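Small disclaimer: the values here were computed from a predicted structure and weren't measured.
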Amino acid sequence: MTHAPHLMALDAGTGSIRAVIFNLQGEQVAVAQAEWRHLALPDVPGSMEFDLEHNWQLACQCIRQVLQQSQLPAKAIRSVACCSMREGIVLYNKAGEAIWACANVDARASREVSELKEIHHGQFEREIYQCSGQTLALGAMPRLLWLAHHRPDVYRQAATLTMISDWLAKCLSGELAVDPSNAGTTGLLDLHTRQWRPDLLEMAGLRGDILSPVAETGSKLGEITAEAARQCGLEQGTVVGMGGGDVQLGTLGLGVVNAGETAVLGGTFWQQVVNLPQPQVDPQMNIRVNPHVIPGMVQAEAISFFTGLTMRWFRDAFCGEEKLLAERLGVDCYSLLEEMAARVPAGSWGVMPVFSDAMHFNKWYHAAPSFINLSIDPERCNKQTLFRALEENAAIVSACNLDQVAAFSGVHTSQLVFAGGGSKGKLWSQILSDVTGLTVKVPQVKEATALGCAIAAGVAAGVYRSLQETGQQLVRWEREFHPNAEHHQLYQKQKANWQKVYADQLTLVDSGLTTSMWKAPGL
């Protein structure tokens, strides 16, 4: 019996590893997932080491499970590619063995960030940003400097550096390379040439010789080795394609592949992503700029902090009755809360949540979480009002971030793609349209990152012609929302008021009267 060819994506997120199988029409066939835990070292504050041996076993477990669930033989998988959280890095010795890794959430190098910021009186970070689109806080350089200071045994052995997605591909194929979309988040890759800049490492007193070859997403890296086949159950000789960063592959899976196209990805954090027509950075250093998986294209990326997490906190802390009712009715609790919030007028009676600020990449910190302008009228100030206010606030922060991108890039759009968990909310989708004044399109695909990764695998195997063409062809739309002009005017005023209130709230953090929700390492 012959089976139609399928594609596999290995998606290494912050909290879990997933193996996902797609058919060539971009339809998900099966998924297997395993949670992993990062290792916090007791004597290293902020450390989140990545357990290489255990996590490879989990990846193999997921591959075997997803093959079993799909009832496909291993030979039906034509190609596999890997994607991962950005910023997580892996170091290898001269023999090509992985010797140390950390997750993207590792924050041990706060002191090193501060030290590097002082080089050339602060101009070093600006030089890194102008070259790479990244600042120091989330980059690889402070972590390497920390290793040089505190783990010289690891640093001396280090011969090569890759990202976590590349480590997975190395485990499968035995070949080492990085792709620009993920490696770009190290702060060591040139946005224009899409190649390493070893001189930046050397300027910081680090070795510039530990950088691996660069290969574009969708190129063929190698094939499944006999050893990997034995461990994970895939067939020896199966094509291994170059994958990439989770957000960039996610936008590929959403068909956001042309200049000017925009997406809001609504998860634990919200990302606002805009494809720029040519490599350029923000003179104010507020917005991150990353290489896209599409060759030659870059993406301006802004981030709203803890948006999905804030909604979960509100649900769990204050909506116990609604959770019980939703369980009895067999519906999602958020859907029930949205129904309640839909009866609250636009503007939520003036209530303003203070959680994530708009993005300021070079000096990134937040005010203390709070609700401002509450009243003691229970008819107006209640659970449904606060829930709606949180949804409106997420949209307002997104709009502020899109305004910042437009200010330096000149890119304006008439529509955006809204994907991720947040896009399940019909009220939230409409609010995002009303606040931004843009048409909001919600795709059918719920696994955009994995689909983008599978597309990369397909291009590497010659199943698809190009990333760009395939991303456009495979996307399907579920719903479309159009802005209410009256609500848009109201939200414009509310956005201006919120920006003033937030600036005022930051002064309370600065004076030590309240505690910041989050501060970037080095601040």
For the atom pair CG (Leu168) and SG (Cys232), what is the distance rounded to the nearest 0.5 Å?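 Spacing of CG (Leu168) from SG (Cys232) equals 10.5 Å.
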
So, taking the atom named CD in Glu127 and the one named OG in Ser132, what distance separates them when rounded to the nearest 0.5 Å?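 Going from the CD atom of Glu127 to the OG atom of Ser132 covers 10.0 Å.
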
Establish, from distance only, whether the side-chain atoms of [X] and [Y] form a donor-acceptor pair under 3.5 Å.
X      : Y      : result
Ser84  : Asp246 : no
Gln248 : Asn182 : no
Gln69  : Gln71  : no
Ser16  : Glu35  : no
Asn362 : Thr135 : no
Thr262 : Gln272 : no

Between the side chain of [X] and the main-chain N/O of [Y], is any donor-acceptor distance below 3.5 Å?
X      : Y      : answer
Ser70  : Leu67  : yes
Tyr502 : Asp357 : yes
Thr225 : Ala228 : yes
Asn23  : Gly26  : yes
Tyr464 : Leu24  : yes
Thr507 : Gln505 : no
Asp190 : Gln195 : no
Arg64  : Gln231 : yes
Asn275 : Val256 : yes
Asp282 : Asn286 : yes

If you take all heavy atoms of [X] and [Y], which pair is closest and at what distance?
X      : Y      : answer
Gly244 : Ser181 : CA-OG, 3.4 Å
Thr449 : Cys83  : CG2-SG, 3.7 Å
Phe22  : Ala454 : CD1-CB, 3.6 Å
Val289 : Phe408 : CG2-CZ, 4.4 Å
Pro198 : Gly208 : CB-O, 3.2 Å
Val66  : Ala19  : CG2-O, 3.4 Å

Face-on cation placement of Arg207 at Tyr155 ring, 6.0 Å and 45° thresholds: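 Yes, a cation-pi geometry.
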
Under the ring pair (Phe, Tyr, Trp, His ring centres under 6.0 Å) rule, collect the residues that match up with Trp167, sequence neighbours excluded.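 Residues passing ring pair (Phe, Tyr, Trp, His ring centres under 6.0 Å) with Trp167: Phe50.
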
The criterion is ring pair (Phe, Tyr, Trp, His ring centres under 6.0 Å); which residues satisfy it with Phe305, sequence neighbours excluded?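 Phe305 satisfies ring pair (Phe, Tyr, Trp, His ring centres under 6.0 Å) with Phe269, Trp364, His366, Trp518 only.
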
List the steps and the verdict of side chain to side chain contact (heavy atoms under 4.5 Å, CB included) for Leu234 and Ile63. CA-CA 8 Å; Leu234 286 168; Ile63 292 169; 3.7 Å; yes

Can you tell me which residue among Val113, Thr186, Leu116 is in a side-chain contact (heavy atoms from CB on, under 4.5 Å) with Met141?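 Among Val113, Thr186, Leu116, the one meeting side-chain contact (heavy atoms from CB on, under 4.5 Å) with Met141 is Leu116.
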
Is it true that [X] and [Y] have a side-chain N and a carboxylate O under 4.0 angstrom from each other?
X      : Y      : result
Arg288 : Glu87  : yes
Glu49  : Arg108 : yes
Lys75  : Glu235 : no
Arg143 : Glu112 : no

Please identify each residue that fulfils side-chain contact (heavy atoms from CB on, under 4.5 Å) with Ala95, with sequence neighbours left out.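 With sequence neighbours excluded, Ala95 shows a side-chain contact (heavy atoms from CB on, under 4.5 Å) to Asn93, Glu97, given in chain and number order.
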
Any [X] side-chain heavy atom under 4.5 Å of [Y] side chain:
X      : Y      : value
Val397 : Met359 : no
Ile21  : Leu7   : no
Leu221 : Leu172 : no
Thr238 : Glu223 : no
Leu145 : Leu206 : yes
Val90  : Met163 : no
Leu506 : Tyr365 : yes
Ser370 : Val354 : yes

Testing Gln299, Glu301, Glu261 one by one against Thr251 for a side chain to side chain donor-acceptor pair (under 3.5 Å), which residue passes?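 Of Gln299, Glu301, Glu261, side chain to side chain donor-acceptor pair (under 3.5 Å) with Thr251 is met by Gln299 alone.
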
Decide yes or no on side chain to side chain contact (heavy atoms under 4.5 Å, CB included) for Thr217 and Val459, but give the supporting numbers first. CA-CA 9 Å; Thr217 298; Val459 171; over 6 Å; no

